[in-house]
Amino acid sequence: MNIQETLTQKVNEAVEKLHSASIDHVEFQATRKEFAGDITVVIFPMLRQVKTNPVVLGEAIGNYLKENVTEVADFNVVKGFLNIVLSDNYFLKSFNNIKDDTNYGSIKTDENSPKIMVEYSSPNTNKPLHLGHIRNNLLGYSVAEILKAAGNTVYKTQIINDRGIHICKSMVAWRDLSPRDKNGERETPQSRNIKGDKFVGEYYVKFDKEFKYQLNEIIGDVVNKINSALNKSIENQEFNIYKAIKNSEISEEYFDAIGKSVKEFYGFDNLISEKEIESLPYSNLDYIFIEQGEKIEKIKSSRDKFVEIFGDLYLNKSAKEKFSEKDIRKVKALLDKNFTNVVPILLEAQKMLQLWEAGDEDVVALWKKMNQWVYDGFKETYRELGVDFDKNYYESDTYLLGKEVVNDGLEKGVFYRKEDGSVWIDLTDEGLDEKIVLRADGTAVYMTQDIGTAIQRVKDFDINGMVYTVGNEQDYHFKVLFLILKKLGFEWANHLYHLSYGMVDLPSGKMKSREGTVVDADDLIKEMTKTAQEISEELGKLDGYTEEEKEKLYKTIGLGALKYYILKVDPKKRILFNPEESVDFQGNTGPFIQYTYARIQSILRKATFNYQEDIQSYNLHEKERELIKQLQLFPEQVQQAAAQHSPALIANYTYDLVKEFNSFYQNVSILGVDNQEEKIFRVQLAKTVANTIKSAFELLGIDVPEQM
RNA sequence: GGUCGCAUAGCUCAGCUGGAUAGAGCACCUGCCUUCUAAGCAGGCGGUCCCAGGUUCGAAUCCUGGUGCGAUCACCA
């Protein structure tokens, strides 16, 4: 029985004896520093059962406890708070248990432990990992470790998004655009000596560039033709754009694309201020088709505006100076949308996707080759970051899953079929929308895949729950997914958790790979390591370390700073990451905690005497008492962190522990004291603190150094 | 517009199921290395806990309404 349980029982006894009333719950809290005592009973809630003065009641209970509980040494009452002073003996006994528990804080798992799968990372294979993935990886890994420590059997997994149009883009770009060597061989990550994920990522960017180039070419050509057609029609006094364009040399598909763009432009954004236009009847371009003389000039100017923005945009002229940003954005979006599907290189990528789905040998071989490059690159980043997986799932294996379940769901009446053959679920009763689960042509959507994959995982690992580490932009998706699985009647669907986390933003806003504002994972790790090195060298405390050991240490510290910086924040809050200011190494940081650990190791190296023996009776220093209290909290913190899926709780706990220790360290001598018992106890205490730091940091995936 | 999340010191963040005078770090200021590692310690400065109501003996915390920021509302993943 722990002290809180003992006190609960005895407080109940006291109230019963003194007032013959019973209370349902005794509320405890840690005693605030400014008052004497270790644990505090809050008297106020008891006044509901016992009508009396809180101070009087507190005194009475205090007296009873002091007489009947050996651990209670003394007490005082302030307002409605009964502050209890516990005996040194109690703390010593408690400490001796902690000290000898090599697994302190964790619950051992056995075959009856709950089995949970934690998914995290889940990258696309078309680009390298970035800062966003780092938060995801650190959170997922840490939560997995915390769940383990809390007594669950945990399987870590990732689903690799290895299929789809994105990877086909890189493939097309490499196949068609990469330079060849003397022997006619295409360049490879090996020939370039760069990481495979970076290599493939370059080709993804190359695709995008080529795509834009081709789009510009097409649009430029169209613009020229339109302009000349228009000029001709104006010369002829025919203000009929429709006819003019129709008669130009623009091919049918481009003509359609332009027609759609212009229509949509005028259709849902009345940026032309001339109100008259609005009232005109239109279909396609016909609304500009008008012969009323007085309006011709206005119509002409509106038309010109569209064509000009259109032209300037794609002929790289100065649209920005002449038109509002809103107009430009609108025109651009429309053109991108309507012209995208006529750009040759994109058509090529789409063709490749079809070939891939049909199992075309060459395409599949190319796909395998390029994905392997990416996997090798990821593997390296994961290793550097110190995260791992028990099982990899690949989207190429799972993207067809879930379709059969849809049939079951149809039979059960969970889903329904629309006239066009598509299958939906109606979640309006739950305050959500209708959601599609199968397209009219019978192909799966994202949701279908996730349903199928979840079921597959339960089959594979006999798990009773899952944690999905995915950004909060997908909150809605997971809400729906979990609800569908529940409606399908899976018992385990009640133990699904979306570990939703906030985005990592830069001072410039969101990270965008296209705009090159992405913080690359490998680069960031390298930079942190470099900073750690600079600080270490400046402090110069690494005598006796080999170069190799130093390198390893810099990495430990650099990663420690980065990981702690990210994990100490509540997962659901967004993080603003400023690369300029970098990550701190002082104060509430990873290195501060690592430093404290290293300090203790230094003491232990110097403590060459035998300090194994338990100390049975001892007069505790105030700082020692505080430290033991802090140590006692650890197991509870682990449970809480698991329940809340929050590494931040572990980070904050560790910081408090370390702060307490440093205060002790700087105010109390450890090896310098004469009294042998005192010396032994203090070394034991330091060692136990170090072990707890190490255990806690293991839950965060952070290493601790022996010296720094 | 509907839904979800966030809002605490100049900045970055804690604050557990409601409890005492709201806490850390950074920054700024003062002290402390002839004693176990100064990436440290001791102290100072700094608050309309977004606003307004409500519940309660008691609200940063719970409820309602509002404001601001973000996300989401695709037969994309």
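Within every chain, numbering begins at 1; the chains are lettered A, B, ... in the order of the sequence lines, protein sequences first and strands thereafter.
Using a 4.0 Å heavy-atom cutoff across all strands shown, A/Asn83 reaches at least one base atom of the nucleic acid. Residue-level contact check: A/Leu649 touches the backbone only, with heavy atoms under 4.0 Å from sugar-phosphate atoms and none from bases. Across all strands shown, A/Met708 has heavy atoms under 4.0 Å from base atoms, whether or not it also approaches the sugar-phosphate. Within the 4.0 angstrom heavy-atom criterion, base atoms lie near A/Ala598. Using a 4.0 Å heavy-atom distance criterion, A/Asp420 is classed as a base contact. Among the heavy atoms of the strands lying under 4.0 Å from A/Tyr655 are primed sugar atoms or P, OP1, OP2 only; no base atom is included. Across all strands shown, A/Gln474 has heavy atoms under 4.0 Å from base atoms, whether or not it also approaches the sugar-phosphate. Among the heavy atoms of the strands, none lies under 4.0 Å from A/Ser500.
Nucleotide B/C50 has B/G66 as its partner under the Watson-Crick or G-U criteria, with both atom distances under 3.5 Å. As the counterpart of B/U61, no nucleotide is assigned, since no Watson-Crick or G-U wobble pattern has both distances under 3.5 Å. Across all strands shown, nothing is found opposite B/C45 as a Watson-Crick or G-U wobble partner with both distances under 3.5 Å. Of all nucleotides present, only B/G25 satisfies the Watson-Crick or G-U wobble test against B/C11, with each distance under 3.5 Å.
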Show the distances under 3.5 angstrom between N or O atoms of the protein and N or O atoms of nucleotides 57-61 of chain B.
from, atom 1, to, atom 2, distance (Å)
B/C57, N4, A/Arg48, NH2, 3.4

Contacts under 3.5 Å, N or O only, protein and nucleotides 29-36 of chain B:
from, atom 1, to, atom 2, distance (Å)
B/C36, O3', A/Lys606, NZ, 2.9
B/C36, O2, A/Leu671, N, 2.9
B/C36, N3, A/Ile670, N, 3.1
B/C36, N4, A/Tyr665, O, 2.5
B/C36, N4, A/Val668, O, 2.7

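Taking A/Lys679 as the reference, A/Phe609, A/Val673, A/Gln676 meet the side chain to side chain contact (heavy atoms under 4.5 Å, CB included) condition, with sequence neighbours excluded. Judged as a side-chain hydrogen bond (donor to acceptor under 3.5 Å, both in side chains), and not counting sequence neighbours, the contacts of A/Asn83 are A/Thr40, A/Asn76. Take A/Tyr476 and apply the ring-ring contact (aromatic ring centres under 6.0 Å, His included) test, not counting sequence neighbours, and it matches no residue.
Scanning atom types as modelled, no donor and acceptor separated by under 3.5 angstrom connect the side chain of A/Thr596 and the base of B/A39. A donor-acceptor contact under 3.5 Å links the side chain of A/Gln29 to the base of B/A20. Judged by distance alone, with hydrogens and angles left aside, A/Thr589 brings no side-chain donor or acceptor close enough to the base of B/A39 to form a pair under 3.5 Å.
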* Structure fact -> In B/S/- notation (B base, S sugar-phosphate only, - none; protein heavy atoms under 4.0 Å), nucleotides 3-10 of chain B written 5' to 3' is -SSSS---

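Both thresholds, 5.5 Å between centres and 30° between ring planes, are not jointly met by A/Phe592 relative to the base of B/A39, so the two rings are not stacked.
The backbone N or O of A/Asp703 lies less than 3.5 Å from a partner atom in the side chain of A/Gln594, making a donor-acceptor pair.
Using a 30° and 60° split on the angle between ring planes, A/Tyr446 and A/His477 fall in the parallel class, below 30°.
Residue A/Arg574 has no polar side-chain atom (N or O) positioned under 4.0 Å from OP1 or OP2 of B/C13.
Comparing the C1' positions of B/A14 and B/G47 gives a spacing of 15 Å, expressed to the nearest Å. Taking atom C1' in both B/G66 and B/G44, one finds a spacing of 39 Å when rounded to whole Å. With C1' as the reference atom, B/G2 and B/C62 are 25 Å apart, rounded to whole Å. B/U61 sits 25 Å from B/G25 when the P atoms are compared, rounded to a whole Å.
Atoms CG (A/Asp584) and P (B/U12) sit 13 Å apart, rounded to a whole Å. Following rounding to the nearest Å, A/Phe661 (CZ) and B/U37 (P) show an atom-to-atom distance of 11 Å.
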* From CA spacing to verdict: ring-ring contact (aromatic ring centres under 6.0 Å, His included), A/Tyr497, A/Phe478 -> CA-CA 9 Å; A/Tyr497 184 80; A/Phe478 282 102; over 10 Å; no

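Counting only N and O atoms by type, the side chains of A/Asp584 and A/Tyr565 include no donor and acceptor under 3.5 Å apart.
Annotation: of the two residues near RNA chain B, A/Lys418 and A/Glu34, the 5′-most nearest-nucleotide partner is A/Glu34.
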